[in-house]
Amino acid sequence: MENGNLHSDFLIVGGGVIGLSSALDLARAGARVTVLERVVCGAESSWAGGGILSPLLPWDYTEPVTRLTQWSAARYPAWVDEIAASSGIDPEYRQSGMLVLPDYDESDADEWCASHQVRLEKRRAHDIASALARDDASLWLPEVAQVRNPRLVKALRRAFEREGGRVVEHAEVTGICLDGNTVSRLETSAGPFSAGHYVIAAGAWSKPLLGEYAPPLDLKPVCGQMLLFKVEPGLLQQIVIQSGFYLIPRADGHILAGSTLEDVGFAKRTTVEARLELHAKAAALLPVLKNLAPVRHWVGLRPGSPENIPVIARHPEIENLYLNSGHFRYGVTMAPASAHILANLIFQRIQPFDVSSYDWPAMR
Ligand SMILES: Cc1cc2nc3c(=O)[nH]c(=O)nc-3n(C[C@H](O)[C@H](O)[C@H](O)COP(=O)(O)OP(=O)(O)OC[C@H]3O[C@@H](n4cnc5c(N)ncnc54)[C@H](O)[C@@H]3O)c2cc1C
């Protein structure tokens, strides 16, 4: 059994992209950090996601989402370079651009891109991606990037361990024990663990884990299914979006097609209906996919939150307990900013922008 009594300054619950990026920032600041993961790191939403480093239609979101995603997107190339250099794993960050096919609100897009210094071009679809079914007048966002999220999580873990961080897998946190208004220890399936500070980054499971200490948190799982195809590398090179459905091409010819948004609680299962629907939408955009069988079909539980605004904050009543969760559809994108904000809160450093929107709901 793992020695839970080895002292840590921080215990992070959850080995997804949010827990691991938070752990890495804290370890880089010189803290002794342990990540407790129920199963294995990076096997839940952070694995299942698509890795687009932008909201799907950025102009549809509020400023708190924009601030997190834009700060992160600007930091991403250097962040990934550092992680790749220290881990030896390349998460395949690539500025592949994003093509938005109709219907969209052009004036909203124009206004938002102009006011947020985002490059936007009006292009025919075939000028950008000739393999698409239709040559519609489209919006082209050339600066949007993507990352191979399963590799990113592996790289984050290794970079964290290289900083002296400790990962304990197969350690499910089952109880939070208080001494007055501070956490004294966590009960886990691998025994008790204690530290100076505790960070909950358990994705869709953060609210049930917090239990009686969660109200009035409004977080819930939102299920997403995805299909994977394999075509000739280079056939499609840009992310393509239409009416909430997207194709994400990887450099090696894999194409992700997603995703569903299902409010089905913690039930994590793929369905025939979703497979047929996603396949039909994929083939309507890219005809070559019509007679191609998907090579994989998977499902993940996003940590859903109102308006996609996460909570990155100290608990209002429990002094040494922090939450970094609720990133919903954009946790891979928001990871660098979320980790940075959390570390700033803990070390009382100046924040890069107003972070009051990410406070515990009762404190906003
Ligand atoms: C289909 C789909 C497509 C997506 N596409 C994108 C995209 O293109 N771009 C983007 O930015 N985001 C995307 N996302 C969203 C993104 O994946 C999530 O926002 C992000 O992964 C959340 O990270 P997390 O670390 O909070 O959660 P998770 O990755 O779910 O990690 C939480 C971890 O906590 C662990 N845990 C839970 N309970 C306990 C416990 N009691 N004890 C110990 N450990 C525990 C879990 O095992 C898990 O490993 C997508 C998600 C899905 C499902």
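Whatever order the structure lists ligands and atoms in, that order sets their numbers, starting from 1.
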I need the atoms of ligand 1 closer than 4.0 Å to a non-hydrogen atom of Glu44, numbered in the order shown. 30 (O), 46 (C), 47 (O), 48 (C), 49 (O)
Out of Ser259, Gly14, Ala48, whose heavy atom sits nearest atom 34 (O) of ligand 1? Gly14
Where does Arg329 meet ligand 1, judged by heavy-atom distances below 4.0 Å: at the side chain, the backbone, both, or neither? backbone
What protein heavy atom sits nearest atom 50 (C) of ligand 1, and how far away is it? Gly49 CA, 3.5 Å
Could you identify the single nearest non-hydrogen protein atom to atom 25 (O) of ligand 1 and state the distance to 0.1 Å? Ile18 N, 3.1 Å
Ligand-residue contact atoms, ligand 1 with Met226, heavy atoms, under 4.0 Å: 1 (C), 3 (C)
Per-atom contacts, ligand 1 versus Glu172 - under 4.0 Å to a heavy atom: 41 (N), 42 (N)
Tell me the contacting part of Trp298 for ligand 1: side chain, backbone, both, or neither, using a 4.0 Å heavy-atom threshold, strictly below. neither
Could Arg250 and Glu92 be called an ion pair, given the rule that one side-chain N must be under 4.0 Å from one carboxylate O? no
Can you tell me which residue and heavy atom of the protein come closest to atom 49 (O) of ligand 1, and the distance to 0.1 Å? Glu37 OE1, 2.7 Å
Salt-bridge contact Glu37-Arg157 (side-chain N to carboxylate O under 4.0 Å): no
Polar side chain donor-acceptor pair, Asp354 to Ser356, under 3.5 angstrom: yes
Looking only at protein heavy atoms, which one is nearest to atom 21 (O) of ligand 1, and how far off is it? Ser46 OG, 2.9 Å
Kindly list each side-chain donor-acceptor pair under 3.5 angstrom involving residues 208-225, sequence neighbours excluded, with atom names and distances?
| residue | atom | partner | partner atom | Å |
| --- | --- | --- | --- | --- |
| Lys220 | NZ | Asp263 | OD2 | 2.9 |
| Gln225 | OE1 | Thr271 | N | 3.0 |
| Gln225 | OE1 | His297 | NE2 | 2.8 |
| Gln225 | NE2 | Glu262 | OE2 | 3.0 |
| Gln225 | NE2 | Thr271 | OG1 | 3.2 |

Hey, are Arg148 and Asp252 close enough for a salt bridge, meaning a charged N less than 4.0 Å from a carboxylate O? yes
Protein heavy-atom partner closest to atom 5 (N) of ligand 1 - residue, atom, separation in Å: Gly50 N, 2.9 Å
Spell out, as yes or no, whether a donor-acceptor pair under 3.5 Å connects the side chain of Asn149 to the backbone of Trp47. yes
Have a look at ligand 1 and work out which part of Ala204, if any, has a heavy atom under 4.0 Å from it: side chain, backbone, both or neither. neither
For ligand 1, is there an N or O atom under 3.5 Å from any N or O atom of Gly224? no
Check each heavy atom of Val13 against ligand 1 and say whether those closer than 4.0 Å belong to the side chain, the backbone, both or neither. side chain
List ligand 1 atoms under 4.0 Å from Gly300, heavy atoms only on the residue side. 53 (C)
Without placing hydrogens or testing angles, list every side-chain donor-acceptor pair under 3.5 Å for residues 272-280, not counting sequence neighbours.
| residue | atom | partner | partner atom | Å |
| --- | --- | --- | --- | --- |
| Glu277 | OE2 | Lys281 | NZ | 3.1 |
| His279 | NE2 | Leu289 | O | 2.9 |
| His279 | NE2 | Leu292 | O | 3.2 |

Please write down residue, atom name and distance for the protein heavy atom closest to atom 15 (C) of ligand 1. Phe328 O, 3.2 Å
Side chains of Glu317 and Asn181: is there a donor and an acceptor less than 3.5 Å apart? no
Suppose I only count heavy atoms of Leu36 and a 4.0 Å limit; which atoms of ligand 1 are within that range? 43 (C), 44 (N)
Basic-acidic side-chain contact under 4.0 Å: Lys122, Glu106: yes
Hey, are Arg185 and Glu187 close enough for a salt bridge, meaning a charged N less than 4.0 Å from a carboxylate O? yes
For ligand 1, the portion of Pro303 having any non-hydrogen atom under 4.0 Å away: side chain
If you scan protein heavy atoms around atom 7 (C) of ligand 1, the nearest is Gly51 N, 3.4 Å
Below 4.0 angstrom, N of the basic side chain to O of the carboxylate: do Glu44 and Arg38 qualify? yes
Ligand 1 and Ser45, any nitrogen or oxygen pair closer than 3.5 angstrom? yes
Does any N or O in the side chain of Ser8 come within less than 3.5 Å of the main-chain N or O of Ala195, such that one atom is a donor and the other an acceptor? no
Who gets closest to atom 42 (N) of ligand 1 by heavy atom: Val173, Ile12, Leu152? Val173
Would you indicate whether the side-chain heavy atoms of Ser107 and Asp105 approach each other to under 4.5 Å? yes
Taking the ring of His116 and the ring of Trp59, is the distance between their centroids below 6.0 Å? no
Please determine whether the number of non-hydrogen atoms from other residues, nucleotides or ligands lying under 6.0 Å from atom CZ of Arg134 exceeds 12. no
Is Ser54 in contact with ligand 1, taking contact as a heavy-atom separation below 4.0 Å? no
Heavy-atom proximity to atom 37 (C) of ligand 1 ranks first, among Ser22, Ala202, Gly16, for Ala202
Below 4.0 angstrom from a heavy atom of Tyr246, which ligand 1 atoms are there? Numbered from 1 as shown, please. 3 (C), 5 (N)
Give me the residue, atom name and distance of the protein heavy atom closest to atom 39 (C) of ligand 1. Arg38 CB, 3.9 Å
Do Arg302 and Ser259 meet the criterion of a side-chain donor-acceptor pair at a distance under 3.5 Å? yes
Any N or O of Ile52 that comes nearer than 3.5 Å to an N or O of ligand 1? yes
What about Gly331: any of its N or O atoms under 3.5 Å from an N or O on ligand 1? yes
